[in-house]
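All chains are named by letter (A, B, ...) in the order of the sequence lines, taking the proteins before the strands, and each is independently numbered beginning at 1.
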Amino acid sequence: MEGVDKEKVQKVIYEMSKGSKYFENEQRKEALTKQKIEHLRAQCAALTDNDISHFQKAAEKKMLELEASRDLSKIWLHTDMDAFYAAIETLEDPSLKGKPLAVGSMSMIATASYEARKFGVRAAMPGFIGCKLCPGLVFVRPNFERYTHYSELTRKVFQRYDPNFIATSLDEAYLNITNVCIERSITGEEVATELRTAIHQETGLTCSAGVAPNRMIAKVCSDINKPNGQFILPNDREAVLTFVSTLPIRKIGGIGKVTEQMLRQVLGISTCQEMLQKAAFLCALFSEGSADFFLSVGLGLGGTETPEQRQRKSISCERTFTATNDSSLLFEKLANLAENLAGDLQKEGLRGKTLTLKLKTADFEVRTRAVTTRGFINSKEDILIYATKLLKAEMPLSLRLMGLRMSQLHDEKDDSSTSTQKTLDIFFRSSNNASTGQQDFFVHDESIFIPEQRNLVNYSNEGVLSNPVIGDGLGGVSLDDVMNTEKLDDLSVLTSPEATASSCKPGQQLWIDGYICSICGFELPPGFEEERQEHSDFHLAESLQQEETVDSKRTISNESRLAERPCSSTPTPKKKLKSSKEGKHIPIDAFFTKCNKNL
DNA sequence: GTTGTTTTGAGAG
DNA sequence: TCGCTCTCTCAAAACAAC
């Protein structure tokens, strides 16, 4: 921003931050970045002339390929609303007009008005620093319903120019205006002017626009004449190359503070064009994907086709709070998060397999710990079981943020769920579920089939349930249960040897209808005598093993229980390799292959 | 033993 | 007194397949 005393702003930010835990963490992160830079420098120095010549050839080949893919036939427009949240608040309350305004709180500013920006106040800045920079700063709490309403109004306008426009946030969108330009014989510039006028008429808000042959450049262009302006780059190769020749790499979406530092300090790259000059080194030092991206940037290439609508890959929630090491408070917050996440999953009809616990310590260190469950889950109770295990493994610690994310999603509406029918363990489990009502925690044979659950089954409690049947994924686990280690570990009774042994007496094994195993539901027609015998032996061995281990398991101390970690999570140090028996998942297909071979 | 794939944690944007 | 949500990438470890 012009007129901002950047030095003064930097000094205020430094003075306000130094000595804080946040600041210390930032320094830690900077040290890590320096390490990365040193590592890259060493790699660079180790390159021989031969290496460089090899990578130069590879880079030239890649650049030719990329150049061949250049498409100048499309016209893309990027729009960005000006200080969107602040502008809406001013529109709704005209008394705010002309005042330095921050939408957010003392903790964090989401958007600042242009009057506030003159003082150096900006988005993603803590409110208390904003106050210091601009003593008269007016704060307004965010009102997302309001912003969504206005966003919808802008989208109605976008729709008229490109029905398949790509909204990247409430206030930004990409429009492919090629057809509009052709059909109405007008230029991209005329479309941009018309669209911005329409937005203003229909919302009372202003926006900026950029027009270019691809999305990457269009986004850069929309920032050039902000606020309430536009910039048009013609669909001409030379114009594009001239444009990027002096363009600082930091202007490109995807190149942030760390990448900028690495490219500048290791290879001396600061403009997009310099990417091409150092192409061989980019290919030598970075992964293929990264190198391709950097070279595309150097050539001014970007997306020109409207991408297919992507499916959601994860769903999460997280909350920041006053740092605490009070475990009861932390588990209470965890329960709230589990409830929120379950609600969101159920609202969208989704279930997930991988649960990730995110933690931010009082020192701002961020950790994630994940567990992959055997089946798809979405109930608060199931989520809480796994989340609690993950959190317990990290205790004790002082936290200021916790979050839960579910990934490897599966749409409930799509019940084909082929992925759950791939392995014997799931096969066995599902057949047992049918008779017991259990879903995710039934263990037929802990040592073979369910390594993730070993922390649940390695020790059973004194009180073994006479009836192992528990409803939908251990429903009804209360906060008290979660808080109480003993109670939580009582869950092991679900998978206790007694619980399963009672249903696994080999002598009672019957082939229902002549081919369905009454214990696990596995189907083996008469004629597969050898396999049927093998199958019976398996259940016999299983039963004997369980009986043998019952007593020893009961004697395991509480200490060893606490030392257990969720097996699928990967805390530091990484989990040990399991023995083949412990960790082996036997693909059901493989079993059938074997059967066929024996025919 | 080698190679390819998946999982996990970390971090960028 | 420094947020929330989501996607993507990378490296290393774990694991499967040959």
Give a yes/no on whether any side-chain N or O of [X] is located under 4.0 angstrom from OP1 or OP2 of [N].
X: T372(A); N: dT8(B); value: yes
X: R319(A); N: dT5(C); value: yes
X: S107(A); N: dT1(C); value: no

Look only at the side chain of Q346(A) and the backbone of N378(A), and say whether a donor-acceptor pair between them is shorter than 3.5 Å.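 Yes, because the side chain of Q346(A) sits within donor-acceptor range (under 3.5 Å) of the backbone of N378(A).
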Determine the contact category for [X]: base if any of its heavy atoms lies under 4.0 Å from a base atom, sugar-phosphate if only primed atoms, P, OP1 or OP2 are that close, otherwise nothing.
X: A124(A); result: base
X: R400(A); result: sugar-phosphate
X: S20(A); result: nothing
X: K21(A); result: nothing
X: I109(A); result: nothing

Centroid-to-centroid, [X] to [Y], below 6.0 Å?
X: F55(A); Y: F281(A); value: no
X: F286(A); Y: F293(A); value: no
X: Y147(A); Y: Y150(A); value: no

For DNA chain C, what dot-bracket results from Watson-Crick or G-U pairs at under 3.5 Å, with [ ] for crossers and | for inter-strand partners? .....|||||||||||||
Please give, in whole Å, the distance from [N] [atom2] to [X] [atom1]?
X: I315(A); N: dT5(C); atom1: CD1; atom2: P; answer: 10 Å
X: Q408(A); N: dG9(B); atom1: CD; atom2: P; answer: 13 Å
X: K29(A); N: dC2(C); atom1: NZ; atom2: C1'; answer: 10 Å
X: L357(A); N: dT5(C); atom1: CG; atom2: P; answer: 14 Å
X: K313(A); N: dT9(C); atom1: NZ; atom2: P; answer: 8 Å
X: E24(A); N: dT1(C); atom1: CD; atom2: P; answer: 12 Å
X: L401(A); N: dA10(B); atom1: CG; atom2: P; answer: 14 Å
X: M402(A); N: dG3(C); atom1: CE; atom2: P; answer: 15 Å

Candidates [options] - which lies nearest the side chain of [X]:
X: R367(A); options: dG9(B), dA10(B), dG3(C); value: dA10(B)
X: F128(A); options: dG3(C), dC2(C), dT8(B); value: dC2(C)
X: M16(A); options: dA10(B), dT1(C), dT8(B); value: dT1(C)
X: R405(A); options: dT7(C), dG3(C), dG9(B); value: dT7(C)
X: T368(A); options: dG9(B), dC2(C), dG3(C); value: dG9(B)
X: K360(A); options: dC2(C), dT8(B), dG3(C); value: dG3(C)
X: T259(A); options: dA12(B), dG9(B), dT5(C); value: dA12(B)

At less than 3.5 Å, do the side-chain atoms of S17(A) and the base atoms of dC2(C) form a donor-acceptor pair?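 Such a pair exists between side chain and base.
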Of all the heavy-atom pairs spanning V297(A) and M275(A), show the shortest one and how long it is.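 So the minimum-distance heavy-atom pair works out to CG1-CE, 4.3 Å.
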Short N-O contact, [X] and [Y], less than 4.0 angstrom:
X: K257(A); Y: E260(A); answer: no
X: E152(A); Y: R155(A); answer: no
X: K360(A); Y: E318(A); answer: no

Show me the donor-acceptor pairs, under 3.5 Å and distance only, between side chains in residues 7-17 of chain A and residues at least two apart or in other chains.
residue: E15(A); atom: OE1; partner: K18(A); partner atom: NZ; Å: 3.4
residue: S17(A); atom: OG; partner: I13(A); partner atom: O; Å: 2.7

Select from C317(A) and F364(A) the residue whose nearest nucleotide in DNA chain C is closer to the 5' end of that strand.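 Upstream on the strand: F364(A).
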